[in-house]
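Not measured: the values here are computed from a predicted model. We number each residue from 1, following the sequence as shown.
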Amino acid sequence: MIGEIVAVFAGGLVLAMGGMAFFQRDMIYHPGREKVAPADAGVPEMVPVTIRSHDGFMNTGWYGAPRDRYQPTIVYFHGNAGTVAHRAHKARLFLDEGFGVLLVGYRGYGGNPGSPSEEGLYSDSRAALGWLISRGVPQGQIVLYGESLGTGVAVQMATEHVNVVGVVLEAPYTRLPDLAPVYVLPGFAEMVMLDRFDNRAKIGHVRSPMLILHGQQDGVVPVDMGRELKERARMGVEAHFIAAAGHNDLYSHGAGQLVTDFIRKQLEP
């Protein structure tokens, strides 16, 4: 009887693991589908911009120009859920500082066609950066900002664009397989995950100044991952591990001011 119970349990576990492998991207990405106008989100000076990725997808993000040509532009790579509209409150803060902001539109999000994947998000982000640079914004006036899942995009872009003003990582993780639920068999996520966003391996190749922000109460991405990335990064990384903050409320605990101060510091002669 015990053997039969174990066999049934093991068979069920294998089926569950197989289902996780097959539907893994549905578990990682939770795109909002709605289209929202920038004005309705509180950033009327931003405009929707549609950019063709290198593999042919047309993705719409939002762009607001800097107050003058001496101010930097923040290229913002958002997290796994919602749309660019859900980051409008952060864009509002940066626009009020005089910075430009490009909220990168991903495939499958906000009414954009296609489905998200690691390589797809890289392609969308490369195209967005190419579009911005084609408008006359040099790498030396660009800040790469990654939020949660988007930290993997920001780190990859920072390895390809080495002369940016700085890189901001909000609630960064080491690698996606490291975030697999505790009930997943050891090593299973490592074997089957298609999308990895391996910040651990890449962060040492980032040459630009870096700011890491992480809440010590983060229940989604453990703060120890942010600490590990700080240790693996090049010397001189600025990091703030905010005692009262969780995963989604860093801006309620002063993160916005830390970001603007960091950017201003990089612009000092």
Inset, instruction - Using a strict 4.0 Å threshold on nitrogen-to-oxygen distance, state whether R264 and D261 make a salt bridge. - result: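 Answer for the salt bridge query: no.
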Legend entry - Heavy-atom pair with the smallest gap, counting every atom of L93 and T260: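 Shortest heavy-atom separation between L93 and T260 comes out as CD2-CG2, 3.5 Å.
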Pairs meeting criterion salt bridge (Lys or Arg N to Asp or Glu O under 4.0 Å) with involvement of [range], two or more places apart:
| range | value |
| --- | --- |
| residues 110-124 | R107-D124 |
| residues 233-244 | E238-K265 |
| residues 67-77 | none |

If I take atom [atom1] from residue [X] and atom [atom2] from residue [Y], how far apart are they, to the nearest 0.5 angstrom?
| X | Y | atom1 | atom2 | value |
| --- | --- | --- | --- | --- |
| Y29 | D195 | OH | CG | 3.5 Å |
| L213 | D218 | CG | CG | 12.0 Å |
| I28 | M193 | CD1 | CE | 4.0 Å |
| Q217 | L250 | CD | CG | 11.0 Å |
| M27 | L176 | CE | CG | 12.0 Å |

Legend entry - Set of residues satisfying side chain to side chain contact (heavy atoms under 4.5 Å, CB included) with respect to S125, sequence neighbours excluded: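 F77, V104, Y106, V153, M157.
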Quick one: salt bridge (Lys or Arg N to Asp or Glu O under 4.0 Å) partners of [X], sequence neighbours excluded?
| X | answer |
| --- | --- |
| R52 | none |
| K35 | none |
| D96 | R92 |
| E160 | R126 |

Inset, instruction - Mind jotting down which residue pairs meet the ring pair (Phe, Tyr, Trp, His ring centres under 6.0 Å) criterion with at least one end in residues 226-269? Sequence neighbours excluded, please. - result: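 Passing the test, one end in residues 226-269: no pairs.
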Inset, instruction - Output every pair passing ring pair (Phe, Tyr, Trp, His ring centres under 6.0 Å) with a member in residues 191-214, not counting sequence neighbours, ordered by first then second residue. - result: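 For residues 191-214, and leaving out neighbouring residues, the ring pair (Phe, Tyr, Trp, His ring centres under 6.0 Å) pairs sorted by first residue read Y122-F197.
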Legend entry - Residue pairs, two or more places apart or on separate chains, that pass side chain to side chain donor-acceptor pair (under 3.5 Å) and touch residues 129-139: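 Checked against side chain to side chain donor-acceptor pair (under 3.5 Å) - neighbours excluded - no pair reaches residues 129-139.
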Inset, instruction - Provide the full list of side chain to side chain donor-acceptor pair (under 3.5 Å) pairs with a residue in residues 168-180, sequence neighbours left out, each pair given once. - result: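 Every side chain to side chain donor-acceptor pair (under 3.5 Å) pair that includes a residue of residues 168-180, provided the two are not neighbours, is K90-E170, Y145-E170, T174-D178, R175-D178, R175-E190, D178-R200.
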